[in-house]
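What follows is a set of notes on a single structure, which appears directly below.
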Amino acid sequence: MTPPPKHPNPPAVPHTSNRPAGDHRSGTASRSRGPGSRAVAGVGAAVAGVVVIGFFAGTVAGAAPAPAAPGHAAHTDLTRPHGTDADADTGKDSDTAIAALAAARKIADGTPGADMVVPAVAFDLGYEPVVEQASAAKRTGDCSSPVPLPRSFEPACRVHDLGYDLLRVAHRHRVPIPPGLRSDLDALLARQLHDSCEGRTACTVMADIAHAAVQLNTVRQRHGAPVEETLPW
C-alpha cells in the first residue's frame, strides 16, 4: 500500500497576534500593560499638557517688546519730544504704571478686595476687576488649559490673570517689574490652588504641577512681564 504523499511544507498558521510576525516576546510582557500602566501614561500626558500651559500662560494678543531683566532701568522713550505736553503724558503713564505695580504687590500679599486697583489703572486695563473669594480678579480670566483641570482652580486662575495684567500695564509704560513680584503672584496662585483642593490628593498633585509650569515660565522670561513671544517654528 502506497503511503499518502507528504506535504512539502506544513501549512502556515494564521498570524493572529497584534505583534508583527517574527516577534517572539513573551505574552507576559504584553499582558503587563494593564489599567495601571494606561493610567500612568494618562497622567504623563496630562503633566506634559500642563507644562505646555506654563510656556504659554500669560501671553498677550499682539507682539510686545522683550521684558527688562530684574533690576534693569526702564528704557527711555526717545519718540516723545521733551519740553512739550508729551512730558506730562509720560508722567501720567509712569504714575499709572507705579499704581499698577502697587496693586499687584497687594494682590500678591493677599490683600482682600479690589480697591487697590485705582480708576486710572482700571482704565488702562480696559476692565474693572471683580472680587472673587475675597481677592481681586479678572472676570473673564480662566486657566486656559488644554488638559482638564479641577473646576475649583478657576477662581485662583482669574486672580492670577489680573496680577499678570497689572504687570503688563507697567511693561507697556516701560516701568521695570520689581524683582520677585511675578514669582510672588505665582506663589499666591499655588496657595489658592491648594486651598481649593481641600486635601484631595489628585487635585493637590495637579496644583503642584500647574504652579511648577507657571513658575518655569516666569524664570524663562527672567521674572519680567508676561509678554507674547515669537516661536522659533
Side-chain angles (χ1 to χ4, degrees), residues 53 57-62 64-65 67-68 70-71 73-74 77 85 87-145 149-198 207 210-211 214-215 217-218 221 223-228:
I53 303 170
T59 58
V60 292
D77 187 355
D85 290 340
D87 288 331
D89 291 340
T90 302
K92 291 179 182 178
D93 290 348
S94 179
D95 290 345
T96 300
I98 292 170
L101 291 175
R105 177 74 267 166
K106 289 184 178 180
I107 291 173
D109 291 342
T111 302
D115 294 341
M116 72 283 290
V117 182
V118 298
V121 174
F123 179 81
D124 205 303
L125 287 171
Y127 62 86
E128 289 283 347
V130 297
V131 177
E132 189 163 16
Q133 296 184 355
S135 297
K138 180 179 182 178
R139 185 191 302 274
T140 58
D142 57 46
C143 293
S144 304
S145 170
L149 294 176
R151 293 192 64 178
S152 63
F153 285 8
E154 290 294 333
C157 289
R158 288 192 280 270
V159 173
H160 192 251
D161 282 352
L162 172 60
Y164 269 25
D165 281 353
L166 291 169
L167 299 186
R168 294 185 187 109
V169 169
H171 179 78
R172 282 197 296 273
H173 300 309
R174 302 192 176 190
V175 173
I177 308 302
L181 179 52
R182 180 169 170 178
S183 288
D184 288 345
L185 288 169
D186 295 344
L188 173 65
L189 172 69
R191 292 195 300 272
Q192 292 183 332
L193 292 180
H194 278 90
D195 289 346
S196 76
C197 288
E198 298 180 340
H211 173 241
V214 170
Q215 183 64 27
N217 200 40
T218 292
Q221 292 190 323
H223 298 267
V227 296
E228 184 184 30

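Position 1 is the first residue of the sequence, and the numbers go up from there. The analysis underlying the following values was restricted to heavy atoms, covering all of them including side chains, and did not include hydrogens, waters or symmetry mates.
Between Arg168 and Asp165, at least one side-chain nitrogen of the basic residue sits less than 4.0 Å from a carboxylate oxygen of the acidic one, meeting the salt-bridge criterion. A salt bridge links Arg105 with Asp109: the closest approach of a Lys/Arg side-chain nitrogen to an acidic carboxylate oxygen falls below 4.0 angstrom. Using a 4.0 Å cut-off between charged nitrogen and carboxylate oxygen, Asp93 and Arg172 do not count as a salt-bridge pair.
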Practice task
Run the numbers on Leu125 and Leu162 for side-chain contact (heavy atoms from CB on, under 4.5 Å), then give the verdict.
Solution key: CA-CA 9 Å; Leu125 287 171; Leu162 172 60; 4.0 Å; yes
Practice task
Give the intermediate values and the outcome of side chain to side chain donor-acceptor pair (under 3.5 Å) for residues Thr96 and His173.
Solution key: CA-CA 8 Å; Thr96 300; His173 300 309; 5.3 Å; no
Problem - Check against side-chain contact (heavy atoms from CB on, under 4.5 Å), Leu101 and Val169 - result: CA-CA 8 Å; Leu101 291 175; Val169 169; over 6 Å; no
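With rounding to the nearest 0.5 Å, the separation of CG in Asp161 from SG in Cys157 is 7.0 Å. With rounding to the nearest 0.5 Å, the separation of CG in Asp195 from OG in Ser152 is 10.5 Å.
Across all their heavy atoms, Leu193 and Ala210 have their closest contact at CD1-CB, 4.1 Å. Of all heavy-atom pairs between Glu154 and Cys143, the closest is OE1-N, 3.4 Å. The minimum heavy-atom distance between Leu166 and Ala104, with the atom names listed, is CD1-N, 3.6 Å. Scanning both residues, Val117 and Pro129, for their nearest heavy atoms gives CG1-CG, 3.6 Å. Contact detail for Leu167 and Ala225: the closest heavy-atom pair is O-CB, 4.1 Å. Of all heavy-atom pairs spanning Ala108 and Asp184, the tightest one is CB-CB, 3.9 Å.
Proximity of Gln192 to Val159: side-chain heavy atoms (C-beta onward) are separated by under 4.5 Å at one or more points. For the pair Leu189/His211, no side-chain contact is recorded, criterion being any heavy-atom separation below 4.5 Å from C-beta on.
Side chain of Thr218 to backbone of Val214: a donor-acceptor contact under 3.5 angstrom is found. A donor-acceptor contact shorter than 3.5 Å links the side chain of Gln221 to the backbone of Val227. Remark: side-chain polar atoms of His194 are paired, donor with acceptor, to backbone N or O of Ala190 under 3.5 angstrom.
For Lys138, the NZ atom sits in a packed shell: over 12 heavy atoms of surrounding residues, nucleotides or ligands are nearer than 6.0 Å. Surrounding CZ of Phe123 are at most 12 heavy atoms belonging to other residues, nucleotides or ligands under 6.0 Å away. Within a 6.0 Å sphere centred on CG of Asp142, other residues, nucleotides and ligands contribute more than 12 heavy atoms.
For the pair Arg139 and Tyr127, the cation-pi test (distance below 6.0 Å, angle within 45°) is failed.
Applying the side-chain contact (heavy atoms from CB on, under 4.5 Å) test between His223 and each of Pro179, Pro178, Ser183 identifies Ser183 as the sole match.
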